[in-house]
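Note that ligands are numbered from 1 as they come in the structure, with each ligand's atoms numbered from 1 the same way.
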Amino acid sequence: MSDIRVRFAPSPTGHIHVGNVRTALFNYLFARNKNGVFVLRIEDTDLERSTGESEKLIYDDLRWLGLNWDEGEGIGGGYGPYTQTARADTYRKAAEQLLANGDAYYCFCSEDELEAAREAALKSGNPPLYNGKCHNLPLSDALKRIENGEKPSLRFKALRQDVIVNDIIHGSITFPTDSFGDFIIVRPNGVPIYNFAVVVDDALMNITHVIRGDDHLSNTPKQALIFQALGYAPPVFAHIPMILGPDRSKLSKRHGNTSVEQFRSDGYLPEALVNYLALLSWSSPDEEEIFSVKELTERFSLDRVSKSAAVFDFDKLKWMNGLYIRKRDISEITALAVPYLAKAGYIDPDRADFDMARLTSIIASLRDSLNIISDITRAAEVYFNPPQTLDEESRDILTLPTTKVVLEGFQAELNNAASEYLTPDEYKAAMKSIQKSTGTKGKPLYMAVRVGVTRRTKGPELDQFIPLMPVGILKERLEKVLKEA
Ligand code: GLU
């Protein structure tokens, strides 16, 4: 293990969406590439929005993606606890240190007062920063007021100086003096504000690199000042760009699915999602695009993360998922397909006579047409629920002068079948014999049979499909289509 330590610090307010997951992924890849430690910290100081249930969802989503953490909930580590609400004492101590050193002070201004001051500042053309009313309040006075039951917040004394933040991705950024005034770090109810808790945690957990979304860039100068006041060198910052929707506005639900859980239930594979997300604002030096996690780990570096936002291309993700569906073991793809087929009522995996081997072959015959596993419901209609009406192309085949004799020839072959299913060899022999007896070959032969048993001109290969269909059902289908010919 190296000394490199990074963290993913989600707030547990629901399933994680792709933006956050990409942040987790970059942290994970960076840590693995550097042989460092990947910490999972739960930032649940927003008591109204954080829930234990959401925390569990985050663990599930990360585990499903294979983004396993080295320290954190469920794993432990030498820097715990890893949940902010369990770290109240730590924040209190840090707050006391800032107070004692004169880097923070109690502020008794009420919400109304602050609002009025903000409005007045704006009216007179000044930035709406804190007016500093309590900045010079002697600590002894403040303590007396607290004793008398008043509940102040704690404010950090923002030095009146430019703050320079060095960021691996954005370079050196100067935040001018008036970017912010003295800011609150602990609420009157004792709960620390994000900018404060995050610094205490990053400092005490020895985090060396903070890799997070660039929506936090404006928080960074405040955090840099707190690091300084607490006596710690700041970590290296790397603010990764946003993910945009196809219309180039910030990716959100209205662009489509953005929750990991939803991708999972739609039948995306974790390795496809990981591969796709890795390419959002990062590119490999060799310009390849298809990578296993191991290959990503070997190639990942922060200096190949671009400053510009990436557009989330839902179609490309789908296409990539299709590639991974074709790479996976067929038995795994079948297992993933089972719930969709059961839901559609096509199979009942709980029945004693459920034939897993047959289903596996069925999935194998359809796999090339799948981009996501849930596509299986449509694709499998040909086996379990063929369309009632014939489309135009199928009708055209039906009206060929040779189709009727071909279908009758196939009926006769099926009537001679020795068992419930034709073997592939029996199917081939049957086709040969029909060819001979009808003098038909090529498209008029095969398309006729295809339309006869599938009611469509496209679908799985016939030599795969027919041996997987009970002869009785094939006969029923032929009878039906012959009535329509
Ligand atoms: N809890 C913060 C968030 O989810 C973490 C930000 C950070 O990484 O500092 O946005």
Discussion item. Any atom of ligand 1 sitting under 4.0 Å from a heavy atom of Y194?
Written reply: yes
Worksheet item: Less than 4.5 Å apart, any side-chain heavy atom of H255 and any of F314?
Response: yes
Discussion item. Quick check on contacts: which atoms of ligand 1 are under 4.0 angstrom from a heavy atom of V198?
Written reply: 9 (O)
Discussion item. Please list, in number order, the atoms of ligand 1 under 4.0 Å from a heavy atom of E43.
Written reply: 1 (N), 2 (C), 5 (C)
Worksheet item: What protein heavy atom sits nearest atom 8 (O) of ligand 1, and how far off is it?
Response: R7 NH1, 2.7 Å
Worksheet item: Could you give the distance from OG (S331) to CE (M356), rounded to the nearest 0.5 Å?
Response: 8.0 Å
Discussion item. Can you confirm whether E71 sits close enough to L40 that some side-chain heavy atom of one is under 4.5 Å from a side-chain heavy atom of the other?
Written reply: no
Fill in: For A364, all residues meeting side-chain contact (heavy atoms from CB on, under 4.5 Å), sequence neighbours excluded
I330
Worksheet item: Tell me, which protein residue and heavy-atom name are nearest atom 4 (O) of ligand 1, and how many Å apart are they?
Response: A9 O, 3.5 Å
Fill in: Pairing of R328 and E271 as salt bridge, 4.0 angstrom limit
yes
Fill in: Option of least heavy-atom distance to atom 3 (C) of ligand 1 (set: Q223, H239, H216)
H216
